[in-house]
There are 2 protein chains.
Amino acid sequence: MASNLASALITKLTASNILDGADVQALQQLPIKQRRLAAQQIIVADGSQPQECCLLEEGFAFRAKMTPDGHRQVLSLHIPGEIPDLQSLHLNVMDHDLLTLTPCSLGFIPHAALRNLNRQRPKVADALWRETLIDAAMFREWIVNIGRRSATERMAHLFVEVHSRLRAIGRTTDGDFSFPITQGDLADCLGLSVVHVNRVLQSFRKQGLIRAERSEYRIVDHSKLQEVAGFDPTYLHAHPGA
Amino acid sequence: MASNLASALITKLTASNILDGADVQALQQLPIKQRRLAAQQIIVADGSQPQECCLLEEGFAFRAKMTPDGHRQVLSLHIPGEIPDLQSLHLNVMDHDLLTLTPCSLGFIPHAALRNLNRQRPKVADALWRETLIDAAMFREWIVNIGRRSATERMAHLFVEVHSRLRAIGRTTDGDFSFPITQGDLADCLGLSVVHVNRVLQSFRKQGLIRAERSEYRIVDHSKLQEVAGFDPTYLHAHPGA
DNA sequence: ATGTAAACCAAACAATTGGTATGCCGAGGC
DNA sequence: GCCTCGGCATACCAATTGTTTGGTTTACAT
């Protein structure tokens, strides 16, 4: 079981980093404890001081932060292969929550093991550092999305981003992918109200851009959606060199 | 001259990281080229592939990103002691611009020197990694600010954050600090229009929260502003341990 | 089968925020 | 000295988005 978990991580890291055999071997020997969680459960809570990092093997997760007056803002969405709280390795206190969006299979890796690995295998350390930097790049785009795009553009951008990331890990079938999220959670992603999310979704459907049954969304007209979004994938830093 | 530059960096890193004498010494020996730039100049351009990192010695800088339709969103503000493009060490292509806000004195450190340093002094590497993680934490708060706070709250939050960060490096005198920024740039920080920024500023002045002459802002009623902002400094991760 | 809760949909209305136009003032160039 | 330009202020109007409310469907438990 731990080997499945490790391989998700290795796939992820080798996709956008250059690692050698010894690096991969070291990754395979990481002690990973598996745990399953239902949807909408807290994985790591704001204010806590985690001693391990969480590897997402299966399912969707997200990070979110509450304002003092009780509003929620989603900060990022996470898909299989990612380590959504890698920052806790060097930032002792969580400044936000990490939650499951759907039922998830998770792997937990002790900080001590990761720190040791980083000392032994500098290239792995660099790869992990790089992952946190890509994380930050995605935050930057998220800022632009909320700050300077209209509700329509915002939503289009979110769909295109998720599709693009899922495709990179082979979880799409042609233009189609499944993305199970509630309209309320979408609103918290986009800094909008639920009603307005609904409005925009209706208009997308009328224009034949997406299909949606219950909380499963599918892109129909991908190129059009991409155009609406003004999507430029540079910020995903999908490719290692150059 | 280079020693002044290095000391700004050392002050910054030792403030929130535990480094020993050899680490500090290694930092002091970094080759740093100084350069001065006028206000509103591009330091590192979107799309470029920098071979050095930029240390801000004096002045204000900011990072910004354009949307395809020409709108600008500011992603972060930077104050002396910070390395605003440290991410370029592992992310080869810039996904945004780095610019001077005011006239700046900058130090440039070759990537090669930093990479070498990271291999020799793992604790320095961790400290630098940590800086990029704090960066990301600030992006997260920026997202919350734009996504879930009203224009008034947003602006209050920005002022309180900048004040708090300037105080940490000893650049405030009691409640007072100077923050030279144009209303247009403020708008790009907050995801608002210039007119609305002006409205909010007027109301802040009427309420005696801030003073502003030309593009120099000063906080008058700090505690009130902090309350309006709903400010919680956790995300700044100002303290090393725990 | 029935009840309940959550998600979704829809309409009317309200509020915040954006756009455009205009005038003023101070800084700097000639 | 004068001109131009950028930044600031203000007014008016428009548009986007939020709020409130209520109704419908779906899922699931009893």
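The chains referred to below are lettered A, B, ... by the order of the sequence lines, with proteins before strands, and numbering in each begins at 1. In this text the structure is predicted, and so the values were computed from the model without any measurement.
A side-chain donor from one of A:Glu153 and A:Ser150 sits under 3.5 Å from a side-chain acceptor of the other. A donor atom on one side chain and an acceptor atom on the other are found under 3.5 Å apart for A:Arg63 and A:Ser76. Side chain to side chain, B:Arg154 and B:His157 fail the donor-acceptor criterion of an N or O pair below 3.5 Å.
Under 4.0 angstrom from either OP1 or OP2 of D:dA9 there lies at least one side-chain N or O belonging to B:Gln183.
Atom OG1 of A:Thr132 and atom CD of B:Gln87 lie 11.0 Å apart (nearest 0.5 Å). Remark: B:Phe108 CZ to B:Gln34 CD distance equals 10.5 Å, nearest 0.5 Å. Remark: A:Gln183 CD to A:Ser193 OG distance equals 11.0 Å, nearest 0.5 Å.
Rounded to whole Å, the distance from CG on B:Leu186 to C1' on D:dC8 is 13 Å. As a whole-Å value, the separation of B:Asn198 CG from D:dT10 C1' is 8 Å.
Under the 4.0 Å criterion applied to side-chain N and carboxylate O atoms, A:Arg36 and A:Glu57 are not assigned as salt-bridge partners. In this structure, A:Asp188 pairs ionically with B:Arg148, as a charged nitrogen and a carboxylate oxygen lie closer than 4.0 Å. We find that B:Arg140 and A:Asp95 are joined by a salt bridge, their nearest charged nitrogen and carboxylate oxygen being less than 4.0 Å apart. A salt bridge is defined here as a Lys NZ or Arg NE, NH1 or NH2 lying under 4.0 Å from an Asp or Glu carboxylate O, and B:Asp185 with B:Arg72 meets this definition.
For the side chain to side chain donor-acceptor pair (under 3.5 Å) test, residues two or more places apart in sequence or in another chain that qualify with A:Asp232 are A:Thr234. The side chain to side chain donor-acceptor pair (under 3.5 Å) test applied to A:Arg205 returns no partner, not counting sequence neighbours.
Using the six-membered ring where Trp is involved, B:Phe159 and B:Tyr217 have ring planes that are tilted, between 30° and 60° apart.
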Pairs under 3.5 Å (N/O, protein and nucleotides 23-30 of chain D):
{"residue": "D:dA27", "atom": "OP1", "partner": "A:Arg214", "partner atom": "NH1", "Å": "2.7"}

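Using a 4.0 Å cutoff to heavy atoms of chain A, the contacted part of DNA chain C runs 5' to 3' from C:dA7 to C:dA12.
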Reading nucleotides 17-22 of chain D from the 5' end, what letters show protein touch, with B for base, S for backbone sugar-phosphate only, - for no heavy atom under 4.0 Å? BBBB--
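The overall bend of the helix from C:dA1-D:dT30 to C:dC30-D:dG1, read as the angle between its terminal helix axes built from five base pairs each, is 40° when rounded to 10 degrees.
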